[in-house]
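Since the structure comes first, as structure tokens, the remarks are kept for the end.
Start at 1 and go down the list; that is how both ligands and their atoms are numbered. Index from 1, following the sequence.
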Amino acid sequence: MKELKEKIINEGSVLSDTVLKVDSFLNHQLDPELMKLAGEEIAARFKDTGITKILTIESSGIAPAFMAGLTLGVPVIFARKRKSLTLNNHLYVAEVTSFTKKETNEICVSKDFIHADDKLLVIDDFLANGQAVLGLMDIIDQAGASSVGVGIVIEKGFQDGGRMLREKGIRVESLAILKSLENGTVSFLEEELV
Ligand code: G4P
Ligand code: NA
Ligand code: NA
């Protein structure tokens with residue numbers, strides 16, 4: 001997506017060979033116009049797949065997921081990062097291990113909001129190692145529901161998540177795929193330069 005790539009070039013900062021900071025439009029301050037375009041583009045790529053709900057994870061997945069939900073006319077659920085171990089049988093819970101942060105967290109969704117007849121589109125802001133997406137897929141499985149695929153705003157093409165998910169047969173659509181962040185410079189995958 002051209003507008004997104006321009007924004008990354010103009011406002012993103014390369015923190016290291018593996019981390020891109022995009023706090024001015026995606027991870028802290030939000031650019032509503034860009035989020036609207038991102039949500040619409042993800043929605044367009046998955047139109048006619050029979051989506052009944054969108055599933056994302058707090059906090060930075062919510063903005064693009066919300067705009068996609070508005071476009072498709074379906075509810076948006078965000079998995080919560082569980083902060084207490086309070087026993088609650090009415091939750092689907094999955095474990096997500098972050099390689100970046102070297103910690104494991106539980107994410108959860110109330111059983112009230114995903115049912116066996118739901119077809120979910122998973123959306124997230126970043127795809128790195130894919131562990132957050134796997135956790136969301138685990139919750140969809142627990143509910144006996146199905147997934148039409150995954151929409152991502154920024155995929156880090158030099159990390160393993162995208163390949164791992166696509167090898168499992170999961171459809172992954174990313175609006176920008178980073179090829180490299182080496183030497184402080186952002187480069188995108190060739191076929192994604194449109
Ligand atoms: P994974 O789910 O793909 O395995 O990702 P990982 O554990 O590596 O990511 C942990 C957190 O770091 C996630 O945010 C993810 O979106 C974010 N992240 C990963 N790589 C980058 C990067 O290069 N730049 C930025 N800005 N973020 C990155 P989170 O902890 O869930 O937080 P939130 O942003 O949703 O609140
Ligand atoms: Na994030
Ligand atoms: Na996220």
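- For atom 27 (N) of ligand 1, a protein heavy-atom neighbour is found at a distance under 4.0 Å.
- The pair Glu173-Arg166 does not meet the salt-bridge criterion, since no charged nitrogen lies less than 4.0 angstrom from a carboxylate oxygen.
- The two residues Leu34 and Lys7 come nearest to each other via the heavy atoms CD2-CG, 3.7 Å.
- Ligand 1 places these atoms under 4.0 Å from at least one heavy atom of Leu20: 22 (C), 23 (O), 24 (N), 25 (C), 26 (N).
- The closest approach of Asp124 to the Na ion (ligand 3), by N/O/S atoms, is made by OD1.
- Listed for the Ser110 side chain is no donor-acceptor partner under 3.5 Å among the backbone atoms of Phe113.
- Distances from atom 10 (C) of ligand 1 to the heavy atoms of Ser59, Ser98, Gly161, Gly61 put Ser98 nearest.
- Within ligand 1, the atoms closer than 4.0 Å to a non-hydrogen atom of Ala128 are 3 (O), 5 (O), 8 (O), numbered from 1 in the order shown.
- Atoms CE and CG, from Met67 and Leu72 in turn, are 11.0 Å apart once rounded to the nearest 0.5 Å.
- In terms of protein heavy atoms, atom 17 (C) of ligand 1 is closest to Phe126 CB, 4.6 Å.
- With a 6.0 Å radius and a threshold of 12 heavy atoms from other residues, nucleotides or ligands, His28 has its NE2 atom at or below the threshold.
- Annotation: Ala132 places an N or O atom under 3.5 Å from an N or O atom of ligand 1; distance criterion only.
- Of the polar atoms of Val22, none of the N or O atoms is found under 3.5 Å from an N or O of ligand 1, judged by distance alone.
- For Val76 against Ala65, the heavy-atom pair with the smallest separation is CG2-O, 3.4 Å.
- For atom 9 (O) of ligand 1, the closest heavy atom belonging to the protein is Thr100 OG1, 3.8 Å.
- Asp125 contributes atom OD1 as its closest N/O/S atom to the Na ion (ligand 3).
- Residue contact check: Thr18 has heavy atoms under 4.0 Å from atoms 23 (O) of ligand 1.
- Taken from CG in Leu136 to OG1 in Thr56, the straight-line distance is 7.0 Å, to the nearest 0.5 Å.
- When the side chains of ILVMFWY residues are joined at heavy-atom separations under 4.5 Å, either directly or via intervening members, Ile139 and Leu121 end up in two distinct hydrophobic clusters.
- Nearest-heavy-atom check against atom 4 (O) of ligand 1 across Glu155, His28, Gln131 picks out Gln131.
- Within a 4.0 Å radius of atom 12 (O) of ligand 1, the protein has no heavy atom.
- For atom 3 (O) of ligand 1, the closest non-hydrogen atom on the protein side is Gly130 N, 2.7 Å.
- Among the atoms of Val133, none of the N or O lies under 3.5 angstrom from an N or O of ligand 1.
- Inclusion of Lys101 in the set of residues having an N or O under 3.5 Å from an N or O of ligand 1 is warranted.
- Nearest-heavy-atom check against atom 19 (C) of ligand 1 across Met164, Lys81, Lys156 picks out Lys156.
- Taking 4.0 Å as the cut-off between side-chain N and carboxylate O, Lys2 and Glu6 count as a salt-bridged pair.
- Heavy-atom neighbours of Lys111 NZ from other residues, nucleotides or ligands within 6.0 Å: above the threshold of 12.
- In the vicinity of Ser60, heavy-atom distances shorter than 4.0 Å reach the ligand 1 atoms 33 (P), 34 (O), 35 (O), 36 (O).
- Contacts with ligand 1 closer than 4.0 Å are made by side-chain heavy atoms of Asn27 only, the backbone lying farther away.
- Judged by distance alone, with hydrogens and angles left aside, the side-chain atoms of Lys119 form no donor-acceptor pair with the main-chain N or O of Val148 at under 3.5 Å.
- Not one N or O of Thr97 is nearer than 3.5 Å to an N or O of ligand 1, by distance alone.
- Applying the 4.0 Å criterion to heavy atoms of Glu58 picks out, from ligand 1, the atoms 35 (O).
- With hydrogens and angles ignored, the 3.5 Å screen pairs a side-chain donor or acceptor of Gln142 with a backbone N or O of Val93.
- Checked against a 3.5 angstrom limit, the closest N/O atoms of Gln159 and ligand 1 fall outside it.
- No more than 12 heavy atoms of other residues, nucleotides or ligands shown are found within 6.0 angstrom of CZ on Phe66.
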